[in-house]
**Q** 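Encoded as structure tokens, here's the structure I'll be asking about.
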Amino acid sequence: MSLYIDVSYESINKYREELCGDKVEIIRSPDSVVVVLADGLGSGVKANILATLTSKIIGTIMSNGLDIEEAVNTVAKTLPVCKERGVAYSTFSIIQIFNNGEGYLAEFDNPSVVRLRKGKIMSLETESRVVNDKLIKEARFKVSPDDLFVMISDGVIHAGIGQTLNLGWQWDNVSEYIQKTYKKDASSKTLAKLLLAACDNLYSHEPGDDTTVVTLKAKKPVKLNLMIGPPVDSARDEEIVSRFIGNEGKKVICGGTTSQIVARVLGKEIKTSIEYFNPAVPPTAEIEGINLTTEGVLTLRKTLDLLKACVSPESGMGDMLKLNKKDGASRLAKMLLEESTSIYFFVGRAMNPAHQNPEFPLNMGMKFKLVEELAALLTHTGKHISIEYC
């Protein structure tokens, strides 16, 4: 079994603080992903420094295959001591999930991780041991497709304390909310935003503590092949189209000329829609065997704008809901961000004169720049990206 782990996190700062005292570190390697949530003592600058150092050190050590004991000892020797309290302190949670489904959890003073399997709460059996005077809870477990793990800082279980709730939002209440709002097809980012929005509401939008939610959703790998623009050598049309079609995964074509080439090579008809779901986005078309066929540069630019809005730290649920619209850019953005784990770009080097500034070198053409930005953004979200120029 091979798994892809979709990871997202959302944070809100303590009211009137410019820096967040929680820090999340995500480190991907060829065989696993390590996620660390650290919560620094107090709030503001000091807490941010403590949490940043903790998450960086632990993430680096764990991703290099070393033991939690080595990570905790290194953190204890490295953290600066708070002059006011006389301690160097940062709580943390660590999850490492390997591609083969093996999982490891270590927790120190953070709220327990919530695990859902098939939408139902499933407990993680932990064992405790003392490392450098710190009580560490550990668990080893198996991960299945669609398992969801939610890491939270104590700002989540403190939500509403002394305001809308006397004792705050207890762990049982949080886990129950996660179970009620869980949807199998919801992305990790959507689930993180839902939980954080609920916390923000309980705080009446004036958080009494830094609050962070990290969601990890296990998926079976889903591949997407995206063909943009015709090959520079028309003699290679059939070869490129054959490889595009032969690749495992979903198929998307961007560009009118490109879609004509694919339809001709496959002997298929292009059925163009005349329905504009969004006046700013050209209509889509249909080719048998192709999951989505769109116009080229205008649609790609709009897709990039949508993706930037969704992954921005300031984004809200409204940005994510835009991915459910029916226009070509929204459909493509949803496929790239939520439905795929790896994307293979076939980028034709034949240039459309309308999209090329003659003052720029070839790799600075509009199409190439859009592809580069898309690839960089998707790589940042953890997608596996390959680009072939043809």
Side-chain angles (χ1 to χ4, degrees), residues 222-307 325-336 339-340 342-358 360-375 378 385-390:
V222 179
K223 298 178 180 179
L224 174 68
N225 299 281
L226 182 57
M227 189 169 180
I228 304 170
V232 68
D233 182 0
S234 59
R236 296 187 65 204
D237 286 355
E238 189 167 337
E239 172 209 337
I240 300 299
V241 172
S242 295
R243 287 202 292 111
F244 170 69
I245 295 297
N247 269 13
E248 178 188 350
K250 297 180 179 180
K251 310 291 187 300
V252 176
I253 301 170
C254 292
T257 304
T258 315
S259 60
Q260 290 172 15
I261 290 171
V262 173
R264 172 173 54 79
V265 172
L266 298 180
K268 304 291 186 181
E269 180 185 356
I270 302 176
K271 297 179 181 178
T272 303
S273 171
I274 58 172
E275 192 168 5
Y276 275 83
F277 294 103
N278 181 343
V281 181
T284 59
E286 290 185 11
I287 301 174
E288 184 183 343
I290 304 299
N291 298 90
L292 177 64
T293 303
T294 76
E295 180 274 339
V297 169
L298 292 175
T299 300
L300 284 174
R301 183 183 291 280
K302 188 65 175 178
T303 299
L304 180 61
D305 290 342
L306 286 169
L307 291 175
K325 294 183 177 181
K326 295 182 179 180
D327 63 89
S330 299
R331 290 172 63 189
L332 178 55
K334 186 178 182 67
M335 292 175 76
L336 292 170
E339 298 176 3
S340 307
S342 62
I343 298 104
Y344 195 107
F345 287 88
F346 289 83
V347 184
R349 290 185 291 118
M351 298 305 299
N352 183 336
H355 301 154
Q356 175 69 7
N357 185 331
F360 288 171
L362 181 64
N363 65 351
M364 289 296 289
M366 188 178 295
K367 178 174 63 178
F368 294 90
K369 189 173 186 298
L370 286 169
V371 170
E372 288 167 5
E373 287 192 57
L374 277 170
L378 293 168
I385 304 297
S386 299
I387 303 177
E388 175 184 341
Y389 293 95
C390 52

**Q** Restricting to non-hydrogen atoms, name the atom on Leu292 and the atom on Gly328 that form the minimum distance, rounded to 0.1 Å.
**A**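 Closest approach of Leu292 to Gly328, heavy atoms only: CD2-O, 4.1 Å.
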**Q** Go through it in stages, so that I can follow the logic: the residues are Ile290 and Phe244, the test is side-chain contact (heavy atoms from CB on, under 4.5 Å), and I'd like the CA-CA distance, side-chain angles, deciding distance and then a yes or no.
**A** CA-CA 11 Å; Ile290 304 299; Phe244 170 69; 4.2 Å; yes
**Q** Return the CD to OG distance between Glu286 and Ser259, rounded to the nearest 0.5 Å.
**A**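 One finds 12.5 Å between CD of Glu286 and OG of Ser259.
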**Q** Who passes salt bridge (charged side-chain N to carboxylate O under 4.0 Å, His left out) against Lys325, sequence neighbours left out?
**A**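 Salt bridge (charged side-chain N to carboxylate O under 4.0 Å, His left out) list for Lys325, sorted by chain: empty.
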**Q** Minimum heavy-atom separation for Leu304 to Glu373, with atom names?
**A**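 That would be CD2-OE1, 3.5 Å.
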**Q** Using modelled atom types and a 3.5 Å cut-off, is there a donor and acceptor pairing between side-chain atoms of Lys367 and backbone atoms of Ala350?
**A**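 Yes.
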**Q** Roughly how far, to the nearest 0.5 Å, is CG of Leu300 from OG1 of Thr294?
**A**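 Rounded to the nearest 0.5 Å, the OG1-CG separation comes to 6.0 Å.
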**Q** Atom CG of Leu378 and atom CZ of Phe345: how far apart are they, to the nearest 0.5 Å?
**A**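 Going from the CG atom of Leu378 to the CZ atom of Phe345 covers 5.5 Å.
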**Q** Return all side-chain donor-acceptor pairs below 3.5 angstrom for residues 224-242, not counting sequence neighbours, or 'none' if the list is empty.
**A**
from   : atom 1 : to     : atom 2 : distance (Å)
Asn225 : OD1    : Asn247 : ND2    : 3.1
Asn225 : ND2    : Glu248 : O      : 3.0
Asn225 : ND2    : Lys250 : O      : 3.4
Asp233 : OD1    : Ala235 : N      : 3.0
Arg236 : NE     : Glu239 : OE1    : 3.0
Arg236 : NH2    : Glu239 : OE2    : 2.9
Asp237 : OD2    : Arg264 : NH2    : 3.0
Ser242 : OG     : Glu238 : O      : 2.8

**Q** Looking at CD1 of Ile287 and OG1 of Thr272, how far apart are the two atoms once the value is rounded to the nearest 0.5 Å?
**A**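 The OG1 atom of Thr272 is 8.5 Å from CD1 of Ile287, to the nearest 0.5 Å.
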**Q** Mind checking the CE-CG spacing from Met335 to Asn291? Nearest 0.5 Å is all I need.
**A**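 The CE atom of Met335 sits 5.0 Å away from the CG atom of Asn291.
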**Q** Are the side chains of Thr299 and Cys254 in touch, meaning some heavy atoms are under 4.5 Å apart?
**A**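 With C-beta onward as the side chain, the pair stays apart.
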**Q** Please assess Leu336 against Leu307 for the test side-chain contact (heavy atoms from CB on, under 4.5 Å), listing each intermediate value before the final yes or no.
**A** CA-CA 9 Å; Leu336 292 170; Leu307 291 175; 4.1 Å; yes
**Q** Looking only at non-hydrogen atoms, find the nearest pair between Arg243 and Phe346 and report the distance.
**A**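 Nearest heavy atoms, Arg243 then Phe346: NH1-CE2, 3.8 Å.
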**Q** Could you pull out the closest heavy-atom pair between Lys251 and Ile245, with the gap in Å?
**A**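 That would be CE-O, 3.2 Å.
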**Q** If you round to the nearest 0.5 Å, how far is OG1 of Thr303 from NZ of Lys334?
**A**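 Separation between the atoms: 13.5 Å.
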